[in-house]
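As structure tokens, the structure follows; a few thoughts come after it.
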Amino acid sequence: MPIFKAGLGVSLTFIGVIAAILGLVVIVSSWRTGAIMLSYGASGPAAETVSHATDPDRFWKLVAALGFAPLILGALAARWGLSILKPAP
């Protein structure tokens with residue numbers, strides 16, 4: 001079980017740090033540009049730009065969902081992973 005616990009701790013820390021960094025990048029870039037660009041679609045890529053000036057409610061919902069949520073959840077996952085890796089006293 002110690003190998004599984006170590007692997008879980010390293011995985012949580014690694015993925016959590018990546019999620020937190022990506023969330024921070026989304027927050028900083030959306031605040032600097034005032035817009036968020038999205039692309040989606042399986043049959044053909046559809047692109048959309050949500051601007052703070054044209055649709056502020058949707059803009060802040062996307063900043064919260066794509067920026068703050070990964071930042072907070074990623075930081076919590078990284079913290080949990082580090083607490084798993086910390087040796088017992």
Side-chain angles (χ1 to χ4, degrees):
M1 221 31 145
I3 296 290
F4 176 75
K5 196 172 181 180
L8 179 65
V10 169
S11 299
L12 279 171
T13 304
F14 183 70
I15 292 172
V17 167
I18 290 173
I21 290 171
L22 288 176
L24 186 63
V25 167
V26 168
I27 292 168
V28 169
S29 68
S30 65
W31 277 348
R32 290 181 116 194
T33 63
I36 295 177
M37 293 185 66
L38 300 169
S39 60
Y40 49 85
S43 60
E48 167 182 17
T49 301
V50 178
S51 172
H52 182 267
T54 58
D55 193 359
D57 290 337
R58 184 147 187 251
F59 175 79
W60 287 115
K61 285 179 186 176
L62 287 172
V63 169
L66 301 175
F68 286 113
L71 176 67
I72 293 169
L73 294 175
L76 289 174
R79 175 96 166 116
W80 185 26
L82 287 175
S83 71
I84 290 173
L85 292 174
K86 189 168 40 170

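By convention here, the first residue in the shown sequence is residue 1.
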Exercise for the section: Under the side-chain contact (heavy atoms from CB on, under 4.5 Å) rule, collect the residues that match up with T49, sequence neighbours excluded. Expected result: A35, M37

Side-chain atoms of residues 11-27: list all donor-acceptor pairs with protein atoms under 3.5 Å, sequence neighbours left out, distances to 0.1 Å.
from: S11; atom 1: OG; to: G7; atom 2: O; distance (Å): 2.8
from: T13; atom 1: OG1; to: G9; atom 2: O; distance (Å): 2.8
from: T13; atom 1: OG1; to: L82; atom 2: N; distance (Å): 3.4

Exercise for the section: Would you name the heavy atoms of I36 and S30 that are closest together and state the gap between them? Expected result: CG1-CB, 3.7 Å

Can I get a per-line list of side-chain donor-acceptor pairs under 3.5 Å for residues 50-74, giving both atom names and the distance, sequence neighbours left out?
from: S51; atom 1: OG; to: A53; atom 2: N; distance (Å): 3.2
from: H52; atom 1: NE2; to: W60; atom 2: NE1; distance (Å): 3.0
from: T54; atom 1: OG1; to: S51; atom 2: O; distance (Å): 3.4
from: R58; atom 1: NH1; to: E48; atom 2: OE2; distance (Å): 2.5

